[in-house]
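Just so you know, these numbers come straight off a predicted model, no measurement behind them. Residue numbers run from 1 in the order of the sequence given.
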Amino acid sequence: MAPPTPLPQTGTTSDEPAEVLREFVEAWSGENFETMYGLIARRSRELYPLQRFINQYTEAHSVIRFAGVNHTLGALSYQGRTAILDYDIVIDSPTFGAISDEGRVMRLIDENGWKIAWSSMDIFAGLSNRARLTERADFPPRANIYDRSGKSLAVEAGEVHSLYLIKQDMPDVEDCLRTLAEATLQQISSLRGLFANYLGETRFHVAEMDPERYARYRERLTADCAITRTDSPFSKVLTYPSRSYYGHGIATHLVGYVGAVPADELERWQARGRSAGDLVGRAGIEAAYEDMLAGRPQRYLRIIEAGGTVIRELAGAAGSPPSDVTLTIDRDLQEITAQTLADAVSYAVPNWGGITAGGAIVALDVNSGAVLALASYPSFDPHIFNPDTLYNIGNAILRLDRDIRQPFVNKALAEQYTPGSVYKIVTTLAAASEGIWAPNDIFECGYIWQGAEYGDSERRRTDWRLLDGLDPTGPVTMPEALAASCNPFFYEMGGRMYREDPLMQVRYAELLGFGAPTGLAGLGIEAAGNVAPPREPAAAINNAIGQGEVAVTVVQMAQLTALIANGGRLYQPYVVSHTGRAGEAGYALVNEPTLLSDLALDDEALAVLRAGMCLATTNRELGTAEWVFRGAPYLVCGKTGTAETLGNPHAWFVAYYPHENPEIAFAGVMAQSREGSEVVAPMIRRILDVYFGHPVAAFPERWLEPYTPVRSQQQALAEYLAEAN
């Protein structure tokens, strides 16, 4: 039998009961429970072993969110060897403020020094073995999130439609897969994997939708998937009230989602007045503006008997009303952008859609920095984290966690990518501004460039046209070199700039906002990108075409495109406009256009950039994206990019619209796919067509062809030299 646990050493032997009380309260304030225990009488220690004593305080403290205690002495009287001390206490709580408990009485016994005859009622009068300390919180309804025009993005107490399937009821499984992929923004292959888990006669849950999107797809869901609403409890459409997100996935990385307080974050949330089980913002705007959207609940601190009888009302905490949050987002543009990404990947599954690691498209207001759309692919339904959901939460989250495309990552902001040829905008601006090359001077753009005179350690470098089997570009001016994305011209610029000043290219990149976060707030972690100074000429030459050590985010590329379009004004990107409602109490302007810097860029250099970007979409002989925008009833100016990686290339396209008095800047990437003109440029065309109500150009038919790997520069060069010999 183990020896009994020794009792803590007794504390003071003071002849003054008030001094014992003072020591006890000081130890209590510091939550030094063993010191407190050493000050209580022998009989109390027999009734309340140390761990039980500690547990009673820690449990009470967790409810109160204890932050300290003070006391005030009253009258002192003696009855033989017992001292009776009147006193008041005030307990500090971040939730309830100062909790005053007056008229308390403490009995102390002389045991060769005064000891406290302690019971649980010395925590609070009325607290006993048959009663407990409880907190009740009355939460106001969570506020809503709106777009710039007051259209809802997240609505409290809205409706959610939960959809179920039975495969054997479908007229054609493939037709259903295509309809569901479009309606839910999921990839067909992901849905096919879900279908494979169930037998033909099994009814299973497939998705949730807001009422507007369900209404739009109701007829197709009925015709293609036999998803119909009935009065039966086994209806394939069940509707229930909950927080509802417009599009259920069109803006998850931006708006965010709510979920129960995670167990491993409980202490942090308790410090903010929250309890286990409370619904809180877990990502995006829902998390960043939690205090605004949730408000503060009315809270009550009570001692309650086991039967529910309230013994004491100890304290209350007044609440504050929640406030709506209005974003700069254009909901229509956001939905079109998210839909385009999802539709493009599903359509291109036979080709690059089956191998891509995902991507993002961002649209900024050229003249303010306001984010008009920010879509990351793949997305997911924000409702999977809400306990109200009819999803199997564990399975849904596990499936997303296992997706190698990392759906939870905001690829517009948190990921950085090699930019490839879209970075030639930076190189062009630097070379033109510094007089490295005159805008109208001719450069002969061939297949091969040799830079030994600039110290290049590579014997030969190639043009991208060699990879694609196209004729050499031939003689070009600086704007034409940008439109044609002539690699040799930009190798030449990289070598010349390094020879004149090794840091010239880096200075311009940093001036334009690269190498540091943009400061777009409210959307979580933001990558900084990379524009490290080149250590040798070869690195500078590589960087000049957006390869090597250069890395950027999609938001940074959108910011660059916007400042080229507006004449060199670098605006702070922002996504939250205001909280509350204009003209009502609680309204607060959160952001407005902030000019970080008027870069005073060289007018001639800007003209070169704009001319080259407009030629890229209009010049049939030179423009890398001309075929994409051929026949469009508008003129958009842009730049394609194809970044070599260890795997498949990253496809890029940036653009501003319209070409005169530009309003919107776009930037997009699709990682591990194909060339930028093949992949992202057609997506931007689709977004513009739909948003502005023009005839919608079809996606390229080549997306339906089997995927053939894009050759690397080294492979193309080796094949070229082998043929030449």
Qualifying residues under side chain to side chain donor-acceptor pair (under 3.5 Å), relative to Tyr240, sequence neighbours excluded
Glu208, His383

Axial cation check for Phe234 ring with Arg203, 6.0 Å and 45° limits:
no

Decide whether His650 and Thr642 meet the rule of one side-chain donor and one side-chain acceptor closer than 3.5 Å.
no

Salt bridge between Arg685 and Asp689, side-chain N to carboxylate O under 4.0 Å?
yes

Identify the residue among Asp210, Thr184, Asp381 that makes a side-chain hydrogen bond (donor to acceptor under 3.5 Å, both in side chains) with His248.
Asp381

Could you tell me whether Arg282 and Glu290 have a side-chain N and a carboxylate O separated by less than 4.0 Å?
no

Are Arg268 and Glu265 within salt-bridge range, i.e. N to O under 4.0 Å?
yes

Tell me if the aromatic rings of Tyr634 and Tyr657 count as close, with their centers under 6.0 Å from one another.
yes

For the student: nearest non-hydrogen atoms of Cys176 and Leu165, plus distance:
SG-CD2, 4.1 Å

Keeping to residues at least two apart or across chains, list the ring pair (Phe, Tyr, Trp, His ring centres under 6.0 Å) pairs with something in residues 327-356.
Tyr347-Phe699, Trp352-Trp703

Using the ring-ring contact (aromatic ring centres under 6.0 Å, His included) criterion, which residues pair with His578? Sequence neighbours excluded.
Tyr587

Could you note down all residue pairs passing salt bridge (Lys or Arg N to Asp or Glu O under 4.0 Å) where residues 230-239 supplies at least one of them, sequence neighbours left out?
Asp169-Lys236

Only counting residues at least two apart or in another chain, list the ones meeting side chain to side chain donor-acceptor pair (under 3.5 Å) with Tyr217.
Glu182

By ring-ring contact (aromatic ring centres under 6.0 Å, His included), Tyr245 pairs with (sequence neighbours left out) none

For residues Phe380 and Phe408, establish whether the separation of their ring centroids is below 6.0 Å.
yes

Among side-chain atoms of Thr518 and Glu526, is any donor-acceptor pair under 3.5 angstrom?
yes

Ionic contact status for Arg331 with Glu212, cut-off 4.0 Å
yes

